[in-house]
Every structure is written in structure tokens, then in C-alpha cells.
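What follows is a single structure, written as C-alpha cells, with notes after it.
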4 protein chains.
Amino acid sequence: MQTEKVDKKEQIMDAAQSLFAAQGYEGTSVRDICQHAGVNVAMVNYYFGSKEGLFEKMVEHKASFMRGKLEELLKDQELTPVEKVDRIIGIFVERMFSHRDFTLTVTREMSKSKRQSVHEMMAAVFFRNMSLLKQIIEEGIRKKQFRKVDSDLCISTIHGTIANLISAELMLKMLDPDLNRSVNLYEDPSFRKRVIHHLRSVMRHHLLKESN
Amino acid sequence: MQTEKVDKKEQIMDAAQSLFAAQGYEGTSVRDICQHAGVNVAMVNYYFGSKEGLFEKMVEHKASFMRGKLEELLKDQELTPVEKVDRIIGIFVERMFSHRDFTLTVTREMSKSKRQSVHEMMAAVFFRNMSLLKQIIEEGIRKKQFRKVDSDLCISTIHGTIANLISAELMLKMLDPDLNRSVNLYEDPSFRKRVIHHLRSVMRHHLLKESN
Amino acid sequence: MQTEKVDKKEQIMDAAQSLFAAQGYEGTSVRDICQHAGVNVAMVNYYFGSKEGLFEKMVEHKASFMRGKLEELLKDQELTPVEKVDRIIGIFVERMFSHRDFTLTVTREMSKSKRQSVHEMMAAVFFRNMSLLKQIIEEGIRKKQFRKVDSDLCISTIHGTIANLISAELMLKMLDPDLNRSVNLYEDPSFRKRVIHHLRSVMRHHLLKESN
Amino acid sequence: MQTEKVDKKEQIMDAAQSLFAAQGYEGTSVRDICQHAGVNVAMVNYYFGSKEGLFEKMVEHKASFMRGKLEELLKDQELTPVEKVDRIIGIFVERMFSHRDFTLTVTREMSKSKRQSVHEMMAAVFFRNMSLLKQIIEEGIRKKQFRKVDSDLCISTIHGTIANLISAELMLKMLDPDLNRSVNLYEDPSFRKRVIHHLRSVMRHHLLKESN
DNA sequence: CATGAATGAGCATTCATTCAT
DNA sequence: CATGAATGAATGCTCATTCAT
């Protein structure tokens, strides 16, 4: 079946994504992935050529969710720069939380020197999204609506805050024991709201010449 | 003899730290570490019991640099809360940049489900420092000098920004090509100043009721 | 359709022959063969039952070139024994050089203990040709034209010399660097002539009671 | 123990030699070799780096028996060229028969294109011995004791005859059923004598201007 | 306290083959 | 008669660890 085939490849990529997130790339064996995906060990090499090929294809496939909306945002003439930043923060939090396995994996593997090509591919995927944010901030500065902030480091602040919340779940729950109430913190709408509100507040205070 | 032993242990931990940072925990073999440290393969198990034991001891040993100064800071009655935050940002940037191998490793391995005990130990190490920062922020709120901000998420913003700068070096250099000039970005004093200034500015705008 | 099938079978056997010669039986994968033959992986098992079946069928099919002329030679009453030996040497050199891939493969695989049936089949193929040569030599001895030579070992000398030239090409070119001039040594008529002349000379001196 | 260590390496090389001879290089697995040698699978990689490394080291180690005596022979001023050839034939037959596993393996693997370095190493090993024989024949020609024969092809005749007898044992026994009497043909002194006598006779008739 | 040798489990990958269509 | 997908066993090799000294 056509659908069957697609399913197997996707099953493998799904299993890979969650196992890579939980155990890291090297900490996850192909056997592990195939067992979770319910397919034969040889299928990974049959479909993806190698474990590394699977990783690359998985990143490419899963990264697609990030593309699209951001470009529209940039072109929208109706929105003010601060509204754009507000929206971009919302999109980032929603997407990175929804795809936290992917976020975790990419964040972690991006800083390794092994597998240079994968490394660069991931940097490029992120770079694309991040440079849009940079353009929006610089647009705000040009329009004199924003202070002359360090746009590159603003990106690290936004992205770093969200990534940190995902990777340091345990520490976060030690700091705020209330968070243990949520069965799944990142799917809890009130937590998402809290994070979005915090980040928007931080950025508004930082970017706008007169704080609200 | 006594010093010899200590040296070898330290050599192993040094080699482990930099290799774990570059290749990850599972991506680094005990043989690799021992070869870099110039010691016999059996030494790791001899001294540390296991590879995992080495990791744990290495984290404990290398984490010591984080302790000390922060407690003094909290007790210092002369400093205002905002001055404390400024100082703490300076300390964090300097230390995390100086010990970026350690930061990278801990950030990455902290989010793995395997090796639960290590996981918890690392969270505890970080928690200790982070909760001091939290106390300072809440002290500022109590003294009506700060807005009623989300202190837990402020910690993620500070820590996440710095960690992001360390782990996403490649993407950062794609955003700001000027950074390629530095041979070693994280040792470059002007870059450190830039980061500290950005973070202090972000936090001051966010925390203080009237922006400077 | 009918021709298509035959073509595909032959394509597979052709690819198999040259790959087995270059890499050995075990060193060549069914996928390799099918890729070179431009057919589906499953075709080998479909047509030949198994890789071993392909090997057997290929040997049988390719061995046909050896049959035919030799029987006529034996029956020819006009030719003297020494003329028959001369001719047989010519035929062997021409054929073994022209089909050096086959010669190489058979020579190599004949001495393996695995795949007993293949082993015996190949020995039988060769035995058939070699026993004709033996009969001719013994005819010469009977007719008192030849010395009482060791006919079995004469066969090894003729066959072994030619086979050695094919399998030790590299060493041969080290001994006589002039041979590097030929792009394809075994297709070079002057080299063939040289080998035929050498072998005829060796055998004439050995067989004939008075050397020419 | 010092002796123990040497023993294990040698045990592995011994097992490798006989299995490579029986099944070919690719047809023999490292597990197979280690099982026969009574050692752990990892020892091959520990001692020899890889299967290929084992092959190379084994060839180098086992080839040593060929060196030594031949050089002495060349220098011996007392012996006439024909006596030298007689002796060299005796030495070759004795050694190649005694080390028929090695002979078989090298003959077979020498003609493969994979593993180029091994290929060249083996050609060099053989070349060394064969070029000595060439020098002796050319010395005989220079001294007008031999005909102007093709010295390069004479080498193929001598080496090829012996190699053929080793690799085509089955066909040989079909030609001369008497040979089935010997439990181990190649260790049977009468067969060795027969082969030596044949080859000396062939070469004497071919080389000497007046046949005996 | 130190080490080279050794181990067995596990790794990613490839194999010849078979299956469903 | 033909095929792309799938399989389980085997491949060479590396791993963290242990052992004998």
C-alpha cells in the first residue's frame, strides 16, 4: 500500500525523534528505534541509508512545521513591529513546546563537532527562522519604535529562554513546586500562557522606548 | 606519589570534560578519554568505578567554581537588589563562558532520561545557584524596587540566554558575521562585555519600575 | 518477451562472471551483480534459485566455449601427436586468455571446501578437457614419438603456466616492466604469441626424444 | 606470560591461515577464526586492528619461510646454473607443498582488486623470490650454458605447475586415481619426488642446449 | 596503586533471501 | 514472469569493564 510505505518511514522517524530526545543520538541504538517503530532493523538502512541519514531526514522532515507562518508575518503591513514580536514569541513558544522532542534533540546535537554536515544543516534550519526575527527587530529600530538594542542577542534571549524551559524541566520544578501539578507541563495551556506573557513582557520592556 | 594520583585523576577529568563537551557523553569512549589524558584504559574504572562514576565526579568537581561568591552576594547588605542582579549576571557570564565545556555538557546531558542519579545531581547543582538568584529577585519585589515579575522564568531567561550563546555558536556567527573575527569568541573580552551589557539591560528594563 | 528473458539471464551471468573474477564469490553481493546487470535484486533468486545456483549455472554456461574443438583434434588422423599438442596449447592460451575472468574465478573457487557440489562440477568441467590432452600425450608415448613423460603433471604444467600468468599479472609486470606498455596484456597478440611459443618450446623439448 | 601472548597471536594467525585457505578471505568470518583459535572475538581487532590487518600480518609472518636459503643459493660459486635451478625447484616444491594453505590463500587473493595494499604486498613477497630464479636463469644464458629462453615465463611455468597441483587436487585425482591412496598427497614423499623429478626434467630439457 | 590483556555484550550495517502484489 | 518492500541472520568492529599480575 502507498499509505503503508509512508507510514513505516514516518513511524521510524517518529520513534527516532522521541528516542533521540530522551537519550541523545549516540545513546539511542538503531535496534531501539526499530523496536519502538515495530519494524525490522534493516529498514533504517533500507529507507535512510544509515543512522545518520535517518537523523538528517528526520530533522528535515520535522523542521517543516517552523516554516511558513513567519514569512507572512514579516510581510504583513498592518502590524506594528511590537505586534510582530509579540506574535513571533507566541508562535515560538507554541511550536517549540509542541515539538519539544525535536527542539531538545536539535538544541543538543547542534553543538557537537562530530557529523559536520548535520551540524551545518541544523544551524541553517534555525538560522532561517532566527534571521526573520532579527529583521523584525531591526525594522522596529529603523522606525524609531525600538531602542537601539542588540538584535542578535535578543534572539538568544528569546530562543534560549524557551529552550532552557524545555531542557531544564527538572530544575524548573525544583524552583517552582507548583509546576509538578501538571501531568504534562508543556501541554498545559496556563503554563504556555505564563511563558508567553513573561517573554512578551521582557521583550516589550527591553525594546520599547517608553515602558507600558 | 600522592600528588601523582591526584594529577592523574584531574587529567582524566579534564580530558573527560572537553571530550564530553565536543562529542557528548555517549559519543565519547573511555579509551578516548584515557588516551587524551595519557593514562591506562583501566584507570577510569579504577579511580571512578565506571564511566558514569567519572561523569558524576567530574560534574561535582568542576561545579565547585560556581559555589562561593553567590552566597556572599546575597548577604551583602550594602548592595541594592538591582546591583546584586547586575553582579550575578556578570558572574554567570564570566563563569559559564570560562567553563563553556562544562556548561555545554551539563546543559546537554541534563535533559536525558538515562542515568537518573546523574540527572538529579546536575539539577541540584544548578538549582542551588539559581535559587539564590530567585531569592534576590524576590527580595527586590518585596522591597517594592522590582515589578512583580515571574522570578522562575527570569532565571530561565538569564541562564537560557547564556547557554544558548554557547551552544549555538555556529548560528550566532551566521547572524553576525563580525563574530568570526574572534579566534575564540568566548574568551574575547569585548564579546563578554557585550553579552553582559545586553543581559543587564534586558533585566533592568524588565525588573525596574522606572527604566533608566 | 522470450528474448527479453534470455537477455536478462545472460546479463546477470555476464555481470556475475566479471564481478566474481574481480572480487571473488563471497566478495561479490547479489545486489552488486543485479545493479551491474540492470535488473531487480529478486531476479537472481527468481531465475537461478540462489546465489550458488547462479554460480553453478554461470560456470556451466560459460564453460561451453571449452568444449567442441578438442574432440575433433583427437580424432584427426592426419595430425602427429606433437602437432596436436602444439594446437592444444594454442587453443588453451587463446581461450583462457579470452575468458580470463572465467579462468580466474574457476581456478580460485575450485580449491574451496564450501559448496561441495559446485566444487565437483568445476573439477568435472576441467577434467574433461584435461583428459583429452592426457590421451594425446599418451598416444605420442605409445607411438614412441614422445619420451615416457609424466602425462598428468604435464597437464599441470600447461594449465598451471597459463593460469599463473592470468592470476599473477601484477608480479609478472614487476618482473618484466615492458609488459606495462600493453593496455590489456591478455588481448595483446604479441603477448599471446610469446606465451604460446614458450609453452610449445617447453613441451616440445620435454616430450620429443630429440630436441629440434 | 610472554609466551602466552605470542601463542595467542600465533594461534589466531594459524587458524586464519587454514580457514582462509579452505574458504577464502571473504568466506571466512572473524568469529570463525576466533572460535577455531579458542580466543575472544575482540582479540583480532585488539591484536591486528582489523580482519584485513590480520590477513596482512599473517601473510608477512608466514612468508618468512621463503626467505633465506635462496640468497645463499645465488651466491654459491661452486654450483652450476643447472644445479641451482634443480635445487630451487626442490626448495619450491618442498616449501609450497609444506605450506600449501599459505600458497593457496596467496595465489587466490593475489588476483583480487579489492584491498589494493594487501595485493601489492603479496606481489612484492612473491616477486622477491621469483626474481632470484630469474637471475639464475639469466646467469645460465650469459654463461652460454642455457638456451636463450624466456626467463619470465619459465618462472610462471615452475610456480604455476606447483600452484596448479595444490589448487586442483580434486581434478588431479580424477586424472590419476592412484593418487587417492595417499591420505595426504602433499606430505607423501613419493609424490613430492615425482613432482620434483617432473619439473627438473621439464626445465632441464628446456634450458640445456643438449638434452641429457 | 597500576597495567596490558582479555571479555562478552552491543553496535551499525549488509547479507541472501522471501513475500505480497 | 517481475518487482519493491521486507526479513532475520550474520557481518566486522567497538564498547565499558574486569582480570591477573
Side-chain angles (χ1 to χ4, degrees), chain A residues 1-2 4-9 25-34 38-55, chain B residues 1-2 4-6 8-9 25-34 39-55, chain C residues 1-2 4-6 8-9 25-34 39-55, chain D residues 1-2 4-9 25-34 38-55:
Chain A
M1 291 290 160
Q2 184 63 20
E4 263 285 70
K5 280 186 248 172
V6 174
D7 274 357
K8 285 221 168 170
K9 282 185 90 163
Y25 176 82
E26 337 264 354
T28 305
S29 74
V30 172
R31 272 173 178 76
D32 231 6
I33 294 166
C34 291
V39 303
N40 186 274
V41 232
M43 295 309 309
V44 160
N45 295 283
Y46 183 70
Y47 278 133
F48 305 99
S50 67
K51 184 186 180 184
E52 201 169 317
L54 162 60
F55 185 78
Chain B
M1 279 296 146
Q2 185 62 22
E4 261 287 68
K5 281 184 256 170
V6 175
K8 284 204 175 179
K9 283 183 94 163
Y25 175 81
E26 336 265 354
T28 304
S29 74
V30 172
R31 267 181 171 70
D32 230 7
I33 295 166
C34 291
V39 303
N40 185 273
V41 231
M43 299 286 359
V44 160
N45 293 279
Y46 187 69
Y47 279 135
F48 304 97
S50 67
K51 184 187 180 183
E52 203 169 313
L54 161 61
F55 185 79
Chain C
M1 281 298 146
Q2 183 63 22
E4 261 285 70
K5 282 185 253 170
V6 175
K8 283 204 174 178
K9 283 183 93 162
Y25 175 81
E26 336 265 355
T28 305
S29 75
V30 172
R31 266 181 171 71
D32 229 8
I33 295 166
C34 291
V39 302
N40 185 273
V41 230
M43 299 286 358
V44 159
N45 293 280
Y46 187 68
Y47 279 135
F48 304 99
S50 67
K51 184 187 181 184
E52 203 170 313
L54 161 61
F55 185 77
Chain D
M1 290 289 160
Q2 183 63 21
E4 262 286 70
K5 281 187 249 172
V6 174
D7 274 356
K8 285 223 169 169
K9 281 185 91 164
Y25 175 82
E26 337 263 355
T28 305
S29 75
V30 172
R31 273 172 177 77
D32 230 8
I33 294 166
C34 290
V39 303
N40 186 275
V41 233
M43 295 309 310
V44 160
N45 295 285
Y46 182 72
Y47 278 132
F48 305 99
S50 67
K51 184 187 179 184
E52 201 169 316
L54 161 60
F55 185 79

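Just so it is clear: chains get the letters A, B, ... in the order the sequence lines come, proteins before strands, and each one is counted from 1.
For the OP1/OP2 pair of E/dC11 and a distance below 4.0 Å, the side-chain nitrogens and oxygens of A/Ser29 include at least one atom meeting the criterion. Contact annotation: A/Tyr46 side-chain N/O to F/dA5 OP1/OP2 distance is under 4.0 Å. Distances shown here put a side-chain N or O of C/Asn40 below 4.0 Å from the OP1 or OP2 atom of F/dG4.
Spacing between atom CD of A/Glu52 and atom C1' of E/dT13 amounts to 14 Å, rounded to whole angstrom units. Atom P of nucleotide F/dT3 and atom CE of C/Met43 are separated by 6 Å, given to the nearest angstrom. The nearest whole Å value for the distance from the CG atom in B/Asp32 to the P atom in F/dC15 is 8 Å. In this structure, the OH atom of C/Tyr47 is 7 Å from the C1' atom of F/dC1, given to the nearest Å. Atoms CD (C/Glu26) and C1' (F/dG12) sit 15 Å apart, rounded to a whole Å. F/dG12 atom P lies 14 Å from atom CZ of D/Phe55, rounded to whole Å. Note: CG (D/Asn45) to C1' (E/dG10) measures 14 Å, nearest angstrom. For the pair A/Lys8 NZ and F/dA5 C1', the computed distance is 8 Å after rounding to whole Å.
When each of D/Gly38 and C/Ser50 is assigned the nucleotide of DNA chain E with its nearest heavy atom, D/Gly38 is the one assigned upstream, toward the 5' end. Judged by closest nucleotide on DNA chain F, A/Val41 is the one of D/Thr28 and A/Val41 placed further toward the 5' end. Comparing B/Val44 and C/Val39 along DNA chain F, the residue whose closest nucleotide (by nearest heavy atom) sits nearer the 5' end is C/Val39. For B/Ala42 and A/Val30, each mapped to the nucleotide of DNA chain E holding its nearest heavy atom, the one lying further toward the 5' end belongs to B/Ala42.
How far CG of A/Leu54 is from CE of A/Met43: 12.0 Å, rounded to the nearest 0.5 Å. To the nearest 0.5 Å, atoms CZ (B/Phe48) and NZ (B/Lys9) are separated by 5.5 Å.
Taking only distance into account, the side chain of A/Arg31 meets the base of E/dA12 through a donor-acceptor pair shorter than 3.5 Å.
Contact check for A/Val39 versus A/Ile33: no side-chain heavy atoms found under the 4.5 Å cut-off. In this structure, D/Lys51 and D/Tyr25 have side chains that are in contact, with non-hydrogen atoms separated by less than 4.5 Å.
E/dC11 is paired with F/dG12 under the Watson-Crick or G-U wobble criterion, all donor-acceptor distances under 3.5 Å. Across every strand in view, F/dA6 sits in a pair with E/dT17 that passes the Watson-Crick or G-U test at under 3.5 angstrom. In this structure, E/dC1 forms no base pair with any nucleotide, since neither Watson-Crick nor G-U wobble geometry is met with both distances under 3.5 Å.
Distance from the side chain of D/Lys51 is smallest to F/dG12 among E/dT13, F/dT17, F/dG12.
Closest of all the heavy-atom pairs between D/Cys34 and D/Val44 is SG-CG2, 3.6 Å.
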